[in-house]
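Heads up, the thing below is written out as structure tokens.
Model, not experiment: these values are computed from the prediction. Below, chains carry the letters A, B, ... as their sequence lines are ordered, and counting in each starts from 1.
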Amino acid sequence: MRKLLSLTLMALASSTAFAGGYRVSIQGQKQLAMGHTGVAVVNSAETAFFNPAGMAYLENKFNLSVGGSALFSKTRFQENTYNTTASSDNFGTPFNAYATYKLNDWLTAGLAVYTPFGSEVEWDQNWQGAYLVNNIDLKAIFIQPTVSVRVGEHFSVGGGPIYATGSVTFNRNLYAANSTFQVDGNPTDLTIEAKGISAWGYNIGMMFNPTDKIRLGLNYRSEIIMEARDGDANFNDVPDFAQTTLTNTTFDADLPLPAEITAGISVQVTDKWLFAFDFNHAMWSAYKSLDVKFNNGLPTSVNPRNYKDASTYRFGTQYKANDKFTFRAGYYFDESPVQDGYFAPETPRNDSNAFTGGLTYQINNKFGVDFSFLYIHFDEIDNSYDHNPNGNFAGTYKSVVFSPGVGITYGF
Amino acid sequence: MKNKFIYLAILAAGFASCEPEFENPVTTDDYSAGEADFSSYVAVGNSLTAGYMDGTVYKSGQANSFPNLLAQQFALVGGGAFTQPSYEDDVNNLGGISGIPGFGTRLVIDAAQGRPEPLVGTPTITLAPQATAYNNMGVPGAKSFHLVAPGYGNAAGLALGQANPYFVRHATSSTATVIGDAMMKNPTFFTNWIGNNDVLSYATSGGTRPDNPGTPEDESLLPATDQTGNPNAASYGSNDITDPTLFAGVYTQLIAALTSNGAKGVVATIPNVTSIPYFTTVPYAPLSPAALGGSANIDALNAQLYGPLNGIFTAYGEPNRVKLLSAASANPILIYDVDAIDRSAEITGALTPSLGAPTATAFGAVFGKARQATAEDLVVLPASSVIGTPNASSPSPLINLNGVSYPMPSKWVLTANEQAKVEAATTAYNNAIVSIAATNDLAVADMNVILNQLVSGLRADNGTLYTANYFSGGTTEFKVLFSLDGVHPNARGYSVIANEIIKVINEFYNAKLPLLNPNNYPGIHIVPTN
């Protein structure tokens with residue numbers, strides 16, 4: 001059953017960006033419910049992602065956490081200079097699976113599989129901003145074998161290599177609406193598609209427990225550059241006169257999945273109450289430009305992004321009502337890495353406030369079911385993308401994201 | 001436990017259905033007509049108002065005339081129906097007019113040849129009288145005084161050059177005037193953009209007369225007249241510059257008619273010719289050493305033609321009139337300048353000893369008013385296919401290459417002298433337009449200023465930098481605002497013009513109209529083969 005579930009999730013693997021950039025912060029049902037804090041929390045095998053050092057403190061010999069979310073993302077666009085509106089409704093299924101096994105008193109091994117990056121946006125084909133993007137689907141799955149080493153009573157370290165595998169599909173029109181580059185009214189468009197892109201990175205952390213009530217955590221997940229090589233670049237609806245130049249070809253492009261450093265603290269105030277705070281800092285400034293180099297002599301498509309580093313402030317709490325029920329709630333403020341004038345409709349996200357909640361129902365002392373929900377509020381924003389030769393693309397965006405999730409925890 | 005699932009499902013459904021909502025969703029309620037009343041909008045003007053592009057009016061082009069684009073925005077705030085002359089007979093979307101020489105099909109880029117060509121086909125547009133007053137009263141080719149001329153739409157006047165086939169198609173009677181037909185629509189709002197042709201036909205013809213195919217002579221070798229000071233339009237040749245006093249009188253008459261029912265409106269000024277690609281695309285010095293056939297040819301031209309001419313002109317005090325051709329850089333074309341000092345006698349005299357009297361006399365006749373073009377001269381767009389080709393008027397195949405060994409006829413070049421006349425008239429017309437508008441409290445769309453920005457680049461509201469450049473390949477296609485005739489905008493250009501007029505209306509009449517997105521309008525038309 002578990003195997004079947006995880007296979008199904010694999011097949012569905014897709015995520016919709018809802019945090020800053022194309023980061024998707026849904027890496028565990030328990031921790032998501034606590035505002036996606038966790039660098040200084042030891043709750044379950046989810047710690048393999050949040051802070052591998054925490055695995056050493058898990059009480060059970062074996063821990064398994066598997067979960068997935070149904071992510072609904074809706075974005076609306078409007079502008080009154082030309083009187084246009086557009087929308088993008090998307091659905092994604094970020095998932096995660098973590099397992100840890102305590103080899104001895106000081107060494108714990110684990111495996112983490114999660115989907116920290118992704119973006120799916122699908123505007124109406126040939127909409128107003130079609131020369132920037134019609135649709136994009138970016139997927140990445142991280143697989144991370146992990147070890148955690150306990151160094152004495154108060155301190156532990158942990159980490160592991162990350163094998164990232166991903167794919168991207170991106171479609172846009174070649175030019176803004178144009179009677180020249182079209183066939184039967186269908187504008188010439190370009191689809192680039194690369195599958196099976198793989199790259200390596202790492203995730204390391206340390207945890208310090210000055211008392212049995214307080215944990216301090218520090219985690220660093222490295223940058224991973226997804227290097228698409230010889231992906232397919234196909235031109236569609238190419239008019240006859242351009243067929244000798246706009247030939248289907250292959251492309252090379254690099255997409256950085258930025259490094260992220262997290263520091264946090266958790267405090268066990270009473271036996272029932274736990275409070276946690278995390279500070280994330282993502283090095284988005286690595287994403288300067290999306291340059292698509294074509295291998296048939298066409299000029300390189302340069303798309304400046306000029307992201308800036310961005311931070312997230314996370315607050316979470318957990319209330320253990322009894323042996324059966326644990327309730328969680330959280331809040332975070334997420335800064336957008338997108339700068340003014342670079343607000344492209346492929347990741348139309350601004351600063352957001354997110355509210356989370358959830359609970360665990362412990363069926364028996366081995367098996368529990370986790371529920372979570374996430375609601376992200378985006379303020380309406382007026383912004384534009386000013387770096388395309390076809391013209392600026394300005395307007396008002398408003399997004400809403402909601403995601404219920406479910407997971408299971410198994411341990412002995 | 002089961003109940004909890006249900007609650008969770010309900011909660012999930014509740015959140016999942018919540019829609020992102022704008023605080024101020026855009027709706028047409030946001031827009032307003034301000035002090036203007038668009039219930040009957042009438043556009044008066046010439047080809048620019050008619051939606052002329054690519055050298056003609058054709059069905060799909062007319063749909064993007066700037067008045068039609070404006071009317072679509074007016075419709076959001078109470079604008080009424082907007083009718084245009086019928087082009088239903090343009091079944092193949094070719095433009096032109098059937099059976100009338102000079103009214104060919106629309107221009108397209110033939111990708112196989114890489115150049116603009118008239119689209120292959122035969123025009124199906126006829127002069128069948130529609131006898132209807134339309135909201136779009138733009139008549140291609142009309143000058144200011146034509147709009148008040150009875151009989152301008154009389155088919156019988158076509159052969160005499162007194163009527164215009166475009167107005168013949170829809171004039172309500174053989175004695176109707178354009179302005180009279182316009183007033184039959186009882187305009188509550190109007191645009192008036194007239195006067196371009198009062199100076200443009202002079203400019204595009206390089207300051208020469210039109211050739212009359214009925215005579216053996218080539219009248220286009222003769223200069224057209226700047227009629228400033230002569231208010232009698234009946235005495236004008238079709239390429240003459242209209243007297244500014246006549247222009248101002250006619251303009252006052254037009255505005256008096258258009259405002260007689262209290263209509264408000266926008267008048268537009270006349271852009272100077274330097275902002276249109278018809279005059280800015282062909283360089284004055286296009287003759288590269290390679291184009292001239294290499295250094296051997298250049299040496300021969302210098303020894304036999306440029307050297308002697310330079311010597312003679314220098315001897316008579318014009319050392320810069322002709323210089324030796326360079327084998328290292330591009331050379332200017334040789335042109336016939338009607339205003340140059342005539343040195344035919346001197347050339348004949350100087351060359352007689354070496355060439356003999358008959359040949360020397362022929363040289364004198366050909367090169368007496370020749371000079372090399374300078375950066376001050378504007379070479380017209382069609383000259384690009386004439387430069388370097390043999391001229392049939394040449395007395396000898398040794399000196400017959402246009403612009404190289406034979407002076408380009410005057411009609412291919414608008415010289416600095418001729419430009420000064422054009423500019424003086426344009427300025428006078430524009431002063432009249434602005435002052436008449438002020439008297440009548442009308443808004444002015446200063447197209448002269450707006451289109452002049454194209455020289456350095458006009459930043460449109462969507463951020464695209466448009467220039468006055470002629471089409472120069474697919475990768476710059478989206479920056480091109482002018483159609484392939486080099487004079488008239490393409491559909492995208494008309495949308496930019498419509499936007500400028502909307503901005504004027506919004507400002508002057510406190511209206512709030514949305515702009516058009518130029519990206520939504522086609523630019524250049526390219527066909528694989530023709």
Side-chain angles (χ1 to χ4, degrees), chain A residues 70 72 74-85 87 89 91 128 130-131 175-182 239-246 299 357 359 361 363 369 371 373-375 378 380 384-404 406, chain B residues 1 4-5 8-9 11-28 30-31 60 73 76 109-112 114 459-465 471 474-480 490-492 499 512-529:
Chain A
F72 300 89
K74 300 181 179 194
T75 303
R76 299 289 176 266
F77 169 82
Q78 70 172 20
E79 54 78 43
N80 61 10
T81 307
Y82 307 116
N83 191 20
T84 49
T85 59
S87 64
D89 286 6
F91 174 71
Q128 204 75 10
Y131 62 94
Y175 295 108
N178 182 312
S179 72
T180 306
F181 287 91
Q182 53 90 24
D240 291 342
F241 72 87
Q243 287 197 341
T244 51
T245 46
L246 300 179
L359 60 91
Y361 177 70
I363 294 167
V369 186
F371 300 97
F373 73 81
L374 164 69
Y375 173 77
F378 294 84
E380 183 174 314
S384 65
Y385 186 75
D386 303 339
H387 303 274
N388 186 290
N390 283 270
N392 295 2
F393 190 76
T396 308
Y397 293 84
K398 169 79 176 169
S399 300
V400 163
V401 169
F402 170 74
S403 177
V406 63
Chain B
M1 183 64 211
K4 286 201 169 57
F5 271 118
L8 204 68
L11 190 65
F15 274 100
S17 63
C18 72
E19 287 290 319
E21 282 178 5
F22 291 106
E23 287 152 29
N24 299 301
V26 291
T27 66
T28 53
D30 296 345
Y31 302 111
S60 70
Q73 307 302 83
L76 297 172
I109 293 285
D110 175 358
R459 184 71 68 181
D461 297 83
N462 65 0
T464 306
L465 188 69
F471 173 76
T475 51
T476 57
E477 195 277 339
F478 58 85
K479 291 185 172 178
V480 177
N490 56 31
R492 186 181 300 135
N499 280 346
K512 187 159 186 259
L513 292 166
L515 298 181
L516 301 148
N517 190 337
N519 285 339
N520 288 357
Y521 296 89
I524 301 301
H525 301 275
I526 303 179
V527 296
T529 56

Can you check whether A/Gln128 reaches B/Asn520 side chain to side chain, under 4.5 Å on heavy atoms?
yes

Which atoms of B/Gln73 come close to chain A, meaning under 4.5 Å heavy atom to heavy atom: side chain ones, backbone ones, both, or neither?
neither

Just jot down the side chain to side chain contact (heavy atoms under 4.5 Å, CB included) partners of A/Thr396, sequence neighbours excluded, or say none.
A/Gln78, A/Glu380, A/Asp382, B/Phe22

For the student: nearest non-hydrogen atoms of A/Thr75 and B/Pro20, plus distance
N-CG, 4.4 Å

Chain B contact via A/Gln243 - side chain, backbone, both or neither, heavy atoms under 4.5 Å
neither

Between B/Glu21 and A/Lys398, the two heavy atoms sitting closest are O-CE, 3.6 Å

Does A/Tyr385 have any ring-ring contact (aromatic ring centres under 6.0 Å, His included) partners at least two apart in sequence or in another chain, and if so, which?
A/His387

Heavy-atom proximity to chain B below 4.5 Å, by part of A/Thr84
backbone

